[in-house]
Peer 1: 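Mind looking over this structure? Questions follow.
On a predicted model such as this, the values are computed, not experimentally measured, just so you know. Every number for a ligand or one of its atoms is a count from 1 in the order of the listing. FYI, the numbering just counts along the sequence from 1.
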Amino acid sequence: CNVEFYPSFLDSIHFSPVLLSKAVMSSSSSSALEMEIFQYIDDHQSDFIKDLKEWVAVESDSVQPHLRKEVMRMMVLAADRLAALGATVNSVNLGSHQLPDGRVLPLPSVILGELGKDPQNPTVCFYGHVDVQPAKKEDGWNTDPYTLTEIDGNLYGRGATDNKGPVLAWINAVETFRALKLAMPVNFKFVIEGMEEAGSLGLEKLLEEENQSFFSDVDYIVISDNLWLSNKKPALTYGSRGNACFFVEVECGSKDLHSGTFGGIIHEPLLDLIALLDSLVDSTGCIQIPGIYDGVAALTEEERKLYGSIEFDLEEHRNNCGVKKFLYGTKEEILLHLWRYPSLSIHGIEGAFHEPGIKTVIPAKVIGKFSIRQVPHMDLSVVKQQVAEHLEGVFSKRKSPNTLKVSMPLGAKPWLAGVNDLLYKAARRAIKTVFGEDPDFIRDGSTIPVARMFQTITQKSVMMLPIGAADDGEHSQNEKISRYNYIEGTKLFAAFFLEISKLHRNSHETSHTETIN
Ligand SMILES: NCCCC(=O)N[C@@H](Cc1c[nH]cn1)C(=O)O
Ligand SMILES: [Zn+2]
Ligand SMILES: [Zn+2]
């Protein structure tokens with residue numbers, strides 16, 4: 001990480017005389033414009049919330065096959081909304097996919113939208129998704145997950161923050177320029193998908209196919225599909241961890257057995273599996289797989305200091321999380337272990353009895369599922385090898401006659417962006433304008449495959465600009481976005497359009513002047 005980290009970027013934003021003078025000149029002339037825009041957004045809060053209510057009402061759960069038609073319906077609503085903005089909309093058919101049980105389901109189209117083609121303007125491509133994670137009231141929701149409900153300034157509903165709210169906030173911001181008949185400061189492109197929660201099937205291929213066409217004139221890519229680090233302080237995200245997902249399967253035979261008849265005389269697969277899973281991490285969180293930390297980029301003193309300067313309330317984070325105690329006691333340690341060290345989590349065991357009540361069975365085949373979050377510069381194929389060798393070693397010591405299979409069904413690399421890009425400078429300024437403070441520059445401990453996908457394929461500058469707060473509860477019961485975050489997030493996007501437009505034009509003027517001189 002020391003290689004890709006840019007500790008001097010804050011200084012360059014503060015002290016660059018060219019950028020500073022231009023920013024002062026243009027910020028005074030644009031403040032009246034910003035006021036007009038922000039007033040419009042404040043005045044139209046109810047309309048924006050009504051739109052979100054309409055979107056949340058669609059159960060566009062991409063995980064459960066029987067709800068696929070709702071995802072399709074959601075894609076049509078999103079395409080219509082973009083068309084109403086004046087965008088040209090191309091809904092690209094991605095065909096179908098096969099489920100593990102053999103059924104074939106249609107894939108939702110991916111929307112490619114375009115609005116504006118002014119050669120003076122930068123072209124900003126926004127990515128978002130309008131599918132959601134499953135949600136049922138019985139899971140422990142206080143309100144119906146598909147009825148957006150406002151309680152104490154929070155808008156509760158599945159997809160409110162992940163990701164329908166942020167997608168609509170971006171659209172609202174564009175709509176504001178249109179409604180006020182203002183010149184668009186940027187050209188817009190949109191990539192809206194409906195399979196993000198199910199692995200973005202087909203998206204990578206589409207991006208590759210469109211790289212020389214749709215993406216050829218894109219200057220910047222913005223994703224708003226994650227959260228701030230804190231409940232109140234805005235953030236900009238420049239990196240995320242990857243993930244290596246593993247299945248470890250132990251099998252004794254073809255049928256489950258009665259534990260009264262066979263218990264005590266056989267090597268039980270679940271006992272083998274529990275021993276294997278128990279060998280992975282110690283009680284301090286340290287991964288026990290030999291060599292696993294070898295690839296991790298060394299931490300520099302500069303970097304450690306930067307972590308120290310991030311505002312992060314351990315108590316608030318612990319409350320959001322709902323646990324009694326963290327593995328680490330300091331802010332620095334917590335952030336390091338969330339962002340730039342690998343972590344291993346055990347997710348579940350397929351084939352083990354998990355219903356309420358008692359069932360005195362010995363399962364014949366069990367599959368443990370775990371994953372290891374990846375950081376620079378870990379190598380997925382090396383990690384796969386290390387995991388397999390470790391598990392085979394532990395298993396062989398047990399002298400079990402059962403069969404062991406280890407596989408890595410999914411491997412995603414980490415993502416890291418250059419925070420010196422204009423994109424980050426523009427967003428930082430917009431945040432300062434709307435929220436009155438500088439953002440935290442953060443990474444995300446989770447995996448955002450699309451960020452890396454966009455960066456690798458298009459080679460454009462990618463930024464994650466979240467508007468949701470740390471306590472929004474993505475994927476959880478009672479997911480919400482606050483009215484404040486939704487509305488101020490809309491203003492942030494509008495202010496960002498103005499800032500990126502200014503910085504982009506200035507940088508092009510500067511390079512043009514330099515060329516002439
Ligand atoms: N805040 C954005 C979170 C996005 C997310 O939940 N990503 C998944 C993706 C994934 C990783 N491994 C398998 N799927 C995540 O768990 O990080
Ligand atoms: Zn999301
Ligand atoms: Zn999600």
Peer 1: Hey, is Asp471 close enough to Lys480 for a salt bridge, meaning N to O under 4.0 Å?
Peer 2: yes
Peer 1: Could you tell me which N, O or S atom of Asp225 is nearest to the Zn ion (ligand 2)?
Peer 2: OD1
Peer 1: What class does the angle between the rings of Phe497 and Phe188 fall in, given that below 30° is parallel, 30 to 60° is tilted and above 60° is perpendicular?
Peer 2: perpendicular
Peer 1: Of the backbone atoms (N, CA, C, O) and the side-chain heavy atoms from C-beta on, which set of Arg373 has a member under 4.0 Å from an atom of ligand 1: side chain, backbone, both, or neither?
Peer 2: side chain
Peer 1: If the contact criterion is a heavy-atom separation under 4.0 Å, does Glu197 count as touching ligand 1?
Peer 2: no
Peer 1: Taking the six-membered ring where the residue is Trp, are the ring centres of Phe454 and Trp415 under 6.0 Å apart?
Peer 2: no
Peer 1: Quick check: does Asp162 put an N/O/S atom under 2.8 Å from the Zn ion (ligand 2)?
Peer 2: yes
Peer 1: Would you indicate which of Thr161, Asn243, Asn163, Ile448 comes nearest to atom 12 (N) of ligand 1 when only heavy atoms are counted?
Peer 2: Asn243
Peer 1: Determine the sole option in Arg73, Arg68, His66 for which the side-chain hydrogen bond (donor to acceptor under 3.5 Å, both in side chains) test with Glu70 is passed.
Peer 2: Arg73
Peer 1: Establish whether atom 6 (O) of ligand 1 and some protein heavy atom are separated by less than 4.0 angstrom.
Peer 2: yes
Peer 1: Any N/O/S of His129 under 2.8 Å from the Zn ion (ligand 3)?
Peer 2: no
Peer 1: In the protein, which heavy atom is nearest to atom 3 (C) of ligand 1, and how far is it?
Peer 2: Ser446 OG, 3.5 Å
Peer 1: Please identify which atoms of ligand 1 are closer than 4.0 Å to at least one heavy atom of Asn226.
Peer 2: 1 (N)
Peer 1: For atom 1 (N) of ligand 1, what is the nearest protein heavy atom, given as residue, atom name and distance?
Peer 2: Glu474 OE1, 3.1 Å
Peer 1: Does any N/O atom on Glu196 come nearer than 3.5 Å to any N/O atom on ligand 1?
Peer 2: no
Peer 1: Give me the nearest non-hydrogen protein atom to atom 10 (C) of ligand 1 as residue plus atom name, then the distance to 0.1 Å.
Peer 2: Thr447 CB, 4.3 Å
Peer 1: Is the charged tip of Lys460 near the ring of Tyr220: under 6.0 Å from the six-membered ring centre and within 45° of its axis?
Peer 2: no
Peer 1: Is the NZ or CZ atom of Lys369 both under 6.0 Å from the centre of the six-membered ring of Phe247 and within 45° of that ring's axis?
Peer 2: yes
Peer 1: Do Lys205 and Glu208 meet the salt-bridge criterion of a basic N to acidic O distance under 4.0 Å?
Peer 2: no
Peer 1: I'd like to check which ligand 1 atoms, numbered from 1 as shown, lie under 4.0 Å from a non-hydrogen atom of Asp444.
Peer 2: 1 (N)
Peer 1: If you have a sec, read the angle at the Zn ion (ligand 3) from Glu197 atom OE2 over to His475 atom NE2, to 10 degrees.
Peer 2: 110°
Peer 1: Taking 2.8 Å as the cut-off, does an N/O/S atom of Glu196 lie below it from the Zn ion (ligand 2)?
Peer 2: no
Peer 1: Kindly identify the option in Thr237, Asp225, Asp162 whose heavy atom sits closest to atom 2 (C) of ligand 1.
Peer 2: Asp225
Peer 1: Starting from atom 14 (N) of ligand 1, what is the nearest protein heavy atom, named by residue and atom, and what distance separates them?
Peer 2: Leu410 CD2, 4.8 Å
Peer 1: What orientation do Phe246 and Phe370 show, parallel under 30°, tilted 30 to 60°, or perpendicular over 60°?
Peer 2: parallel
Peer 1: Under a 4.0 Å N-O cut-off, is there an ion pair linking Glu303 with Arg443?
Peer 2: yes
Peer 1: Say whether His475 and ligand 1 are in contact under the criterion: heavy-atom distance to a ligand atom below 4.0 Å.
Peer 2: yes
Peer 1: In plain terms, say whether Glu332 and Arg304 are close enough for a salt bridge, that is, a side-chain N and a carboxylate O under 4.0 Å apart.
Peer 2: no
Peer 1: Might you confirm whether atom NZ of Lys233 has over 12 heavy atoms from other residues, nucleotides or ligands at distances under 6.0 Å?
Peer 2: yes
